[in-house]
Amino acid sequence: ASPRPSVLVTGPVLEAVVERQLGPRFAVVALADLARTDPRAVRAIATRGAARVDAALMDRLPALEVIANFGVGYDTVDAAAAAARGVVVTHTPDVLDDEVADLTLGLLLATVRRLPEADRFVRAGRWRAGAFPLTATLRGRTVGMVGMGRIGRAIARRLDAFGVGLVYHSRRKVADLGYDHVPDLLAMARAVDTLVVIVPGGPATRHMVNAEVLAALGPDGVLVNVARGSVVDEPALLAALQAGTILAAGLDVFEDEPRVPEAFFSLDNVVLLPHVGSATTRTRTAMGQLVVDNLFSWFDGKGPLTPVPETPWPRR
Ligand code: NDP
């Protein structure tokens with residue numbers, strides 16, 4: 001009988017659902033133990049967020065066949081390098097769309113209506129001394145979505161119910177969608193007062209939202225970023241919040257997680273979340289199950305279930 005395939009797990013821990021199911025079928029190797037095992041035995045990688053799966057790591061693993069990423073965003077996996085080596089990359093699309101969209105609406109409302117600050121106000125006993133100040137509103141706003149993919153559309157459906165205007169920017173216009181497509185991000189920022197960012201990370205979107213875009217958004221402007229920290233020029237955003245170039249920001253993601261620039265902490269016009277877009281028990285379990293299902297399907301000879309676009313599948 002052939003030995004159990006080895007799977008390299010890069011993160012400190014994937015979800016419990018993954019670990020329970022990988023153990024019986026694979027020899028599980030932690031990244032820290034790679035030096036003490038035979039890298040030629042590793043046929044799969046299960047990875048998550050923080051750890052980089054780059055060409056150098058792939059070159060150490062000549063038997064590598066598949067990289068299963070926990071999460072829909074796979075900017076920490078060099079998918080082009082994987083494709084060049086015939087290595088399949090999978091991710092976890094669809095199963096988290098509604099969860100992330102819910103969080104986005106919560107963050108947008110929290111930012112515009114200053115909900116975390118209002119909570120702090122009550123806890124500090126300040127209500128007895130006077131009412132909480134009036135805030136900005138979602139009423140009358142027009143949201144410019146930066147990205148209109150799976151999650152973007154789930155956010156748009158919710159924004160429809162809130163009765164706000166909506167346009168979007170992406171490289172290609174989405175067919176059969178009832179919102180105006182704006183090919184130029186700067187032009188969109190000028191035309192709206194609220195940006196919701198939900199594009200992938202990586203070099204193509206790096207610092208798309210820069211000082212110029214923030215200035216175009218204007219003094220009533222609200223920025224919500226639930227995409228990746230790399231998409232926003234963080235020092236430019238900090239300066240814009242300090243100077244009142246824009247009104248407020250809601251951030252679930254940062255350029256160097258988990259390190260959040262401390263200068264944000266003293267600002268009342270920013271709501272800070274620790275990358276919790278999909279972070280519920282239900283949805284993280286579904287994501288973990290999809291990681292496992294992709295690996296099982298691959299080693300059952302049935303191919304990947306949810307390969308990334310860079311992975312040519314079915315093989316040409
Ligand atoms: P999709 O691939 O379905 O959608 C991506 C959207 O971004 C598309 O509209 C795409 O359109 C657009 N886009 C991609 N590249 C560019 C570019 N260079 N310029 C302008 N627009 C671009 O992805 P999902 O909706 O499933 O997920 C989006 C991202 O959200 C993930 O990659 C991940 O980084 C992030 N995310 C964050 C979470 C959190 O916890 N905060 C949770 C889950 C995801 P087009 O290709 O036409 O340009």
Side-chain angles (χ1 to χ4, degrees), residues 99-146 151-152 154-156 158-166 188-189 191-198 209 211 213-229 231-255 257-280:
E99 201 74 83
V100 179
D102 288 351
L103 187 281
T104 305
L105 265 294
L107 180 54
L108 174 61
L109 283 169
T111 304
V112 173
R113 299 290 299 271
R114 297 165 63 174
L115 301 185
E117 195 189 341
D119 176 276
R120 292 194 291 270
F121 180 86
V122 175
R123 286 169 199 268
R126 291 172 56 197
W127 192 7
R128 276 166 292 167
F132 189 68
L134 303 183
T135 70
T137 179
L138 201 58
R139 300 302 94 216
R141 282 188 179 267
T142 301
V143 176
M145 301 271 312
V146 184
I151 302 171
I155 295 169
R158 285 158 175 75
L159 286 171
D160 278 344
F162 279 86
V164 296
L166 206 160
M188 184 170 83
V192 304
D193 48 38
T194 307
L195 287 180
V196 172
V197 185
I198 188 69
V209 177
V213 169
L214 294 169
L217 195 57
D220 195 33
V222 171
L223 172 75
V224 169
N225 184 14
V226 286
R228 284 292 181 265
V231 182
V232 175
D233 180 339
E234 211 164 70
L237 173 61
L238 187 57
L241 289 168
Q242 285 166 337
T245 308
I246 66 168
L247 182 73
L251 308 173
D252 187 40
V253 288
F254 300 87
E255 288 209 73
E257 297 172 11
R259 281 163 289 274
V260 176
E262 281 189 27
F264 280 123
F265 299 171
S266 58
L267 294 177
D268 278 332
N269 58 346
V270 63
V271 177
L272 306 166
L273 300 183
H275 200 148
V276 290
S278 67
T280 66

Requested in this report: Over all heavy atoms of both residues, which pair between Ile246 and Asn269 is shortest? Give the atoms and the distance, please.
Outcome: O-ND2, 4.4 Å
Scan the side chains in residues 103-113 for donor-acceptor partners under 3.5 Å anywhere in the protein, sequence neighbours excluded, and list what turns up.
unit_1 : atom_1 : unit_2 : atom_2 : d
Thr104 : OG1    : Val100 : O      : 2.7
Thr111 : OG1    : Leu107 : O      : 2.7

Report summary line: Heavy-atom closest pair (Asp220 atom, Arg141 atom, distance to 0.1 Å) is O-NH1, 3.1 Å
Requested in this report: Starting from the C-alpha separation in whole Å, work towards a yes-or-no answer on side chain to side chain contact (heavy atoms under 4.5 Å, CB included) for Val197 and Val226.
Outcome: CA-CA 6 Å; Val197 185; Val226 286; over 6 Å; no
Query raised in the report: Do Arg228 and His275 have side chains that get closer than 4.5 Å, going by heavy atoms?
Result: yes
Query - Set of salt bridge (charged side-chain N to carboxylate O under 4.0 Å, His left out) partners for Arg158, sequence neighbours left out - result: Asp98, Asp102
Report task. Answer yes or no: is there a side-chain heavy-atom contact under 4.5 Å between Ile155 and Ile198? Result -> yes
Query raised in the report: What pairs meet the salt bridge (Lys or Arg N to Asp or Glu O under 4.0 Å) rule with one or both residues in residues 236-246, with sequence neighbours excluded?
Result: none
Requested in this report: Please test Val192 against Val143 for side chain to side chain contact (heavy atoms under 4.5 Å, CB included), starting from the C-alpha separation and ending with a verdict.
Outcome: CA-CA 6 Å; Val192 304; Val143 176; over 6 Å; no
Query raised in the report: Would you say the side-chain atoms of Asn225 pair up with the backbone N or O of Leu251, donor to acceptor, closer than 3.5 Å?
Result: no
Query raised in the report: What residues form a ring-ring contact (aromatic ring centres under 6.0 Å, His included) with Phe264, not counting sequence neighbours?
Result: none
Tabulate below the donor-acceptor pairs under 3.5 Å that side-chain atoms of residues 234-242 make, not counting sequence neighbours, or state none.
unit_1 : atom_1 : unit_2 : atom_2 : d
Glu234 : OE2    : Glu255 : N      : 2.9

Query raised in the report: Which ring pair (Phe, Tyr, Trp, His ring centres under 6.0 Å) pairs, counting each pair once, include a residue from residues 235-254, with sequence neighbours left out?
Result: none
Query - side chain to side chain donor-acceptor pair (under 3.5 Å) against Arg114, all qualifying residues, sequence neighbours excluded - result: Glu117
Report task. Locate the shortest heavy-atom distance separating Asp193 from Leu217; write the atom from each residue and the value. Result -> C-CD1, 3.7 Å
**Report entry** Name of the residue among Thr194, Leu195, Leu159 meeting side chain to side chain contact (heavy atoms under 4.5 Å, CB included) with Met145
**Finding:** Leu159
Query raised in the report: What residues, two or more places apart in sequence or in another chain, satisfy side chain to side chain donor-acceptor pair (under 3.5 Å) together with Asp160?
Result: Tyr179
**Report entry** Partners meeting side chain to side chain contact (heavy atoms under 4.5 Å, CB included) with Thr280 (sequence neighbours left out)
**Finding:** Glu99, Arg282, Thr283
Requested in this report: Using the side-chain hydrogen bond (donor to acceptor under 3.5 Å, both in side chains) rule, collect all pairs that involve residues 122-132, keeping only residues at least two apart or in two chains.
Outcome: Asp119-Arg123
Requested in this report: Can you tell me which residue pairs pass the salt bridge (Lys or Arg N to Asp or Glu O under 4.0 Å) test with a partner in residues 263-279, sequence neighbours excluded?
Outcome: Arg120-Asp268
Output side-chain donor-acceptor pairs under 3.5 Å for residues 131-140, partner residues at least two apart or in another chain, one line each.
unit_1 : atom_1 : unit_2 : atom_2 : d
Thr137 : OG1    : Arg139 : N      : 2.9
Arg139 : NH1    : Phe162 : O      : 3.1
Arg139 : NH2    : Phe162 : O      : 3.0

